[in-house]
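What's counted below: heavy atoms across the whole structure, side chains too, no hydrogens, waters or symmetry copies. Labels below follow one simple rule: chain letters A, B, ... track the order of the sequence lines, proteins then strands, and each chain is numbered from 1. The model shown is predicted, which means the values in this text are computed figures rather than measured ones.
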Amino acid sequence: MSVSILAAAAAPVIKGPLAYFATPFFGIFLSIAVYLLGQWLFKKFNGFFLFQPLFVGMVLGIIVLVIMAKMLGMDTAKFYTTAYKPGGDIIFWFLNPATIAFAVPLYKRNDIVKKFWLEILLSLIVGAFVSLFVIFGISKLFGLSNVGIASMLPQAATTAIALPISTAVGGNAAVTAMACILNAVIIYALGGWLVKVFRLNSDPIGTGLGLGTSGHTVGSAFALQLGSVQGSMAAIAVVIISIVIDIVVPIFAALVGLG
Amino acid sequence: MAENNKSKTATSTKKDAPILVQIGIYATVLFISWLISEFVAKTFPKFPLPTPVIGLVLLYLALTFKIIKVEWVDSFGSFMISLIGFLFVPSGIQLAGTLGILQNEGWKLVIVIILSTIVLLVVVAYTARLFIWIRVHWFHGDATVNQDDQK
């Protein structure tokens with residue numbers, strides 16, 4: 001009974017089998033189920049990177065939604081919005097307190113911030129500019145359209161900043177959102193391997209700044225696992241790179257004739 | 001209040017605040033940040049500042065200026081951070097709603113995104129290494145990093 005009441009409150013005209021999924025219960029259940037399955041697989045296969053719980057959860061979740069939408073004869077995007085999004089949004093909201101929680105590891109390494117603030121600031125500004133040139137070059141090399149290129153540029157910023165900038169420089173906000181999400185998933189899955197391959201270990205400050213820039217909040221959580229310096233540097237990078245991107249990308253886009 | 005709480009790595013031996021009080025502090029900071037974010041959005045629509053970014057800065061400043069003690073926000077914060085992988089699952093699944101965009105430029109986009117991620121990580125990390133090298137070799141600065149928990 002309560003199911004139908006909630007469903008009625010959320011979307012009044014849902015009928016048939018879909019009504020059973022149009023409440024937050026399903027989205028929350030699916031999210032935790034696929035993530036736990038990912039954790040179990042990750043353990044079972046001794047931490048094989050493709051079984052990273054976040055990656056498994058994302059892929060399995062999408063597969064489940066696609067199959068269910070097919071079975072109900074619906075468009076996947078529409079099924080996602082009615083069946084998954086209500087629950088997904090509730091979990092998503094908790095990224096807010098989780099993100100501001102990074103103030104604590106940052107505060108705990110205030111010694112590093114006070115000592116290296118100039119290097120941190122310069123690295124992020126110069127690093128952002130260099131990265132933009134390289135990303136622009138790669139996008140050209142792969143023959144992306146101007147819309148595609150413009151969508152790639154703001155991805156180092158946190159999603160809420162990257163999306164409006166993407167639109168402002170002529171990109172597609174949905175593509176930029178995908179980039180920001182994949183950044184995080186990639187860093188969480190491949191971060192350990194990348195740190196090893198590029199021999200970043202010897203320099204905790206650079207590693208932290210890089211992980212925060214490329215992997216956003218999720219990258220910061222990964223950095224924190226490497227050590228307190230890496231974690232605090234990633235946290236500061238998330239904030240500063242977002243503001244740098246906010247200012248630099250429109251200038252860069254004008255420079256290369258986009259937007 | 002917390003004048004003597006200056007230990008760098010803050011291995012606080014003090015007792016954590018009750019969990020509901022900690023949640024209350026996070027909720028307060030987030031609400032204030034949201035108000036600021038709305039104000040900024042109305043005043044400078046071209047310069048978006050999202051709530052969690054403002055919140056991170058506010059909480060950091062509150063800790064640095066000893067308005068909030070670290071043991072009031074520490075254990076709940078660590079718990080939330082430990083959940084981040086899970087909290088990000090809905091964002092990943094969100095891509096199910098936009099699978100259509102892959103049809104336009106196909107998997108080229110995904111490859112460019114993978115390469116861009118690596119570029120951002122490596123370029124920023126090496127740039128930082130360069131600036132720290134400059135600090136040591138040009139300005140003879142000290143670049144020792146006290147890291148007691150390197151894994």
Could you tell me the separation between the [atom1] atom of [X] and the [atom2] atom of [Y], rounded to the nearest 0.5 Å?
X: B:Thr117; Y: A:Leu182; atom1: OG1; atom2: CG; value: 7.5 Å
X: B:Ile84; Y: A:His216; atom1: CD1; atom2: NE2; value: 12.5 Å
X: B:Ser82; Y: A:Gln225; atom1: OG; atom2: CD; value: 9.5 Å
X: B:Thr51; Y: A:Leu95; atom1: OG1; atom2: CG; value: 13.0 Å
X: A:Thr217; Y: B:Leu56; atom1: OG1; atom2: CG; value: 8.5 Å
X: A:Ile125; Y: B:Phe131; atom1: CD1; atom2: CZ; value: 9.0 Å

Checking heavy atoms, do the side chain of [X], its backbone, both or neither come under 4.5 Å from chain B?
X: A:Thr81; value: neither
X: A:Val104; value: both
X: A:Leu124; value: side chain
X: A:Asp246; value: side chain
X: A:Ile112; value: side chain
X: A:Phe79; value: neither
X: A:Val56; value: neither
X: A:Val59; value: neither
X: A:Pro105; value: side chain
X: A:Tyr84; value: side chain

[X] to [Y] - nearest heavy-atom pair and separation:
X: A:Ile62; Y: B:Gly92; result: CD1-O, 3.7 Å
X: B:Ala128; Y: A:Ser123; result: CA-OG, 3.2 Å
X: A:Ala177; Y: B:Gln94; result: CB-NE2, 4.5 Å

With a 6.0 Å cut-off on the ring centroids, do B:Phe86 and A:Tyr35 count as close?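 Yes, the ring centres sit under 6.0 Å apart.
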
Could you check if a side-chain atom of [X] sits within less than 4.5 angstrom of a side-chain atom of [Y], using non-hydrogen atoms only?
X: A:Thr99; Y: B:Met80; value: no
X: A:Trp93; Y: B:Leu87; value: no
X: A:Asn96; Y: B:Ser33; value: no
X: A:Met58; Y: B:Phe88; value: no
X: B:Val73; Y: A:Tyr107; value: no
X: A:Ile161; Y: B:Pro50; value: yes
X: A:Pro97; Y: B:Leu30; value: yes
X: B:Leu121; Y: A:Leu200; value: yes

If you count heavy-atom pairs under 4.5 Å between each of [options] and chain A, which one has the most?
options: B:Val110, B:Ile111, B:Ile81, B:Leu61; result: B:Ile81
options: B:Ile134, B:Val53, B:Leu95; result: B:Leu95
options: B:Gly55, B:Ser78, B:Ser116; result: B:Ser116
options: B:Ile93, B:Thr127, B:Leu120; result: B:Ile93
options: B:Ile114, B:Leu63, B:Val112, B:Leu59; result: B:Leu63

Which of [options] touches chain B most, by non-hydrogen pairs under 4.5 Å:
options: A:Ala160, A:Ala179, A:Ser151; value: A:Ala179
options: A:Phe92, A:Tyr188, A:Phe116, A:Phe94; value: A:Phe116
options: A:Gly88, A:Gly87, A:Ala98, A:Cys180; value: A:Ala98
options: A:Val195, A:Val185, A:Thr76, A:Val175; value: A:Val175
options: A:Leu122, A:Leu163, A:Ile243, A:Ile205; value: A:Leu122
options: A:Leu65, A:Leu106, A:Asp89; value: A:Leu106

Output, in order, the C-alpha distance, side-chain angles, deciding distance and verdict of side chain to side chain contact (heavy atoms under 4.5 Å, CB included) for A:Ser202 and B:Arg129. CA-CA 10 Å; A:Ser202 61; B:Arg129 190 176 286 188; 3.4 Å; yes

Name the region of [X], side chain, backbone, both or neither, that has any atom closer than 4.5 Å to a heavy atom of chain A.
X: B:Ile23; value: neither
X: B:Val122; value: side chain
X: B:Val57; value: side chain

Neighbour count >12 (heavy atoms, 6.0 Å) for atom NZ, A:Lys115: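 For A:Lys115, atom NZ is crowded (more than 12 foreign heavy atoms under 6.0 Å).
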
Please assess B:Leu109 against A:Met152 for the test side chain to side chain contact (heavy atoms under 4.5 Å, CB included), listing each intermediate value before the final yes or no. CA-CA 9 Å; B:Leu109 278 175; A:Met152 288 300 107; 3.7 Å; yes

Apply side-chain hydrogen bond (donor to acceptor under 3.5 Å, both in side chains) to residues A:Asn110 and B:Tyr60 and explain how you reach the verdict. CA-CA 10 Å; A:Asn110 246 345; B:Tyr60 170 73; 2.4 Å; yes

B:Val123 and its side-chain contact (heavy atoms from CB on, under 4.5 Å) partner, picked from A:Leu132, A:Val130, A:Val126: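 Of A:Leu132, A:Val130, A:Val126, side-chain contact (heavy atoms from CB on, under 4.5 Å) with B:Val123 is met by A:Val130 alone.
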
Got a donor-acceptor contact below 3.5 angstrom from the B:Tyr126 side chain to the A:Phe198 backbone?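 Present.
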
